[in-house]
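Below: the structure, in structure tokens.
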Amino acid sequence: REKGRIADNFGDTKYGFQTWVELMTIIDEESPDADRLEALKAMFFAVNKVNATDGERIAAYQMWQVAKQLTSGELFLMKTIFEAMNSVGSIGGYRAWRATMADASGHGMADLIDLHEKKLIELHLLSERKHSDGSGIDSTNGRLTVFGVRFCKNIQTYSLEVA
């Protein structure tokens, strides 16, 4: 608010007060780790930023709802995919994609990619696998959906704003 990026009366906006109360409750009751807290603050910022249109606020509020459901591992996979999506190019199938993401993440554990991928698909942040055996993927944007890309961009924008 001091920098003028969130209105002084943000609590009077459609989702302003609700997101503020929920953010404070999560911080107080759950003590989220740094990655999850950063994502939550980014979505709070997106909902409450000055000059956002109603459509942007509605989309940001939906992302706020999704951010509350994510773990730091899922957020880390999102970040890994987002950072790699332009440099990796087309990947032939799921096994190659998960190996690439495991390497890009720095931990090299494909099983962790499997674990976190399921929730991201469920929340429509990541595209579903294709074919009856699940071996096919759409590697556009590293498998991030349009919603997933926007989610990551909100976090990136927030990081730039507070820097």
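Computed from a predicted model, the values in this text were never measured in an experiment.
His116 is listed as a side-chain neighbour of Thr71, based on a closest heavy-atom distance under 4.5 Å. Contact of the Leu70 side chain with the Leu120 side chain is registered, since non-hydrogen atoms from C-beta on lie closer than 4.5 Å. Looking only at side-chain heavy atoms (C-beta outward), Trp97 and Ile81 come within less than 4.5 Å of each other. Put simply, the side chain of Gln62 does not reach to within 4.5 Å of the side chain of Val66, judged on heavy atoms. Residues Lys130 and Asp138 meet the side-chain proximity criterion, which asks for heavy atoms closer than 4.5 Å.
Asn48 places a side-chain N or O within 3.5 Å of a backbone atom of Phe44 that can act as its donor or acceptor partner. Side chain of Thr145 to main chain of His124: a donor-acceptor pair is present (N/O by atom type, distance under 3.5 Å, no hydrogens or angles). Between the side chain of His107 and the backbone N or O of Met109, at least one donor-acceptor pair lies under 3.5 Å. Remark: the backbone N or O of Ile137 is not paired with any side-chain donor or acceptor of Arg143 at under 3.5 angstrom.
The hydrophobic cluster containing Ile27 also contains Val47, counting ILVMFWY residues as joined when their side-chain heavy atoms lie under 4.5 angstrom apart, directly or transitively. Cluster membership check: Leu112 does not share its hydrophobic cluster with Leu77, using side-chain heavy-atom separations under 4.5 Å among Ile, Leu, Val, Met, Phe, Trp and Tyr. No continuous path of ILVMFWY side-chain contacts below 4.5 Å connects Phe76 to Phe151, so the two sit in separate hydrophobic clusters. When the side chains of ILVMFWY residues are joined at heavy-atom separations under 4.5 Å, either directly or via intervening members, Phe147 and Ile58 end up in a single hydrophobic cluster.
No more than 12 heavy-atom neighbours from other residues, nucleotides or ligands sit within 6.0 angstrom of CD on Glu128.
When ring centroids are compared, Trp20 and Phe17 stay outside the 6.0 Å threshold.
Considering SG of Cys152 and CD of Glu83, their distance stands at 9.0 Å, rounded to 0.5 Å. To the nearest 0.5 Å, atoms CG (Leu125) and CE (Met78) are separated by 4.5 Å. In this structure, Lys79 NZ and Ile155 CD1 are separated by 9.5 Å, a value rounded to the nearest 0.5 Å. Rounding to the nearest 0.5 Å places CZ of Arg129 at 6.0 Å from CD1 of Ile121. To the nearest 0.5 angstrom, Ile113 atom CD1 is 9.0 Å from Glu117 atom CD. Atom CZ of Arg150 and atom CD of Gln156 lie 13.0 Å apart (nearest 0.5 Å).
Heavy-atom minimum distance, Met85 versus Phe82: CG-O, 3.4 Å. Between Pro32 and Ile26, the shortest heavy-atom contact is CD-O, 3.5 Å. Nearest heavy-atom pair, Gln69 versus Glu74, reported as atom, atom and distance to 0.1 Å: O-OE1, 4.0 Å. Scanning all heavy atoms of the two residues, the minimum distance from Ala39 to Ala67 falls at O-CB, 4.5 Å.
With no hydrogens or angles considered, a side-chain donor-acceptor pair links Asp33 and Ser72 at under 3.5 Å. Side-chain atoms of Glu38 and Tyr158 form no donor-acceptor pair, as typed in the model, at a separation below 3.5 Å.
A salt bridge does not link Glu56 with Lys49: every distance from a Lys NZ or Arg NE/NH1/NH2 to an Asp or Glu carboxylate oxygen is 4.0 Å or more. Looking at Arg98 and Asp114, a side-chain N of the basic residue comes within less than 4.0 Å of a carboxylate O on the acidic one, giving a salt bridge. With respect to Lys68 and Glu22, a salt bridge is recorded, a charged nitrogen being found less than 4.0 Å from a carboxylate O.
Listed by chain and residue number, nothing satisfies the side-chain contact (heavy atoms from CB on, under 4.5 Å) test with Asp54 (two or more places apart in sequence, or in another chain).
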Query - Working for side chain to side chain contact (heavy atoms under 4.5 Å, CB included), residues His131 and Tyr94 - result: CA-CA 11 Å; His131 309 307; Tyr94 178 71; over 6 Å; no
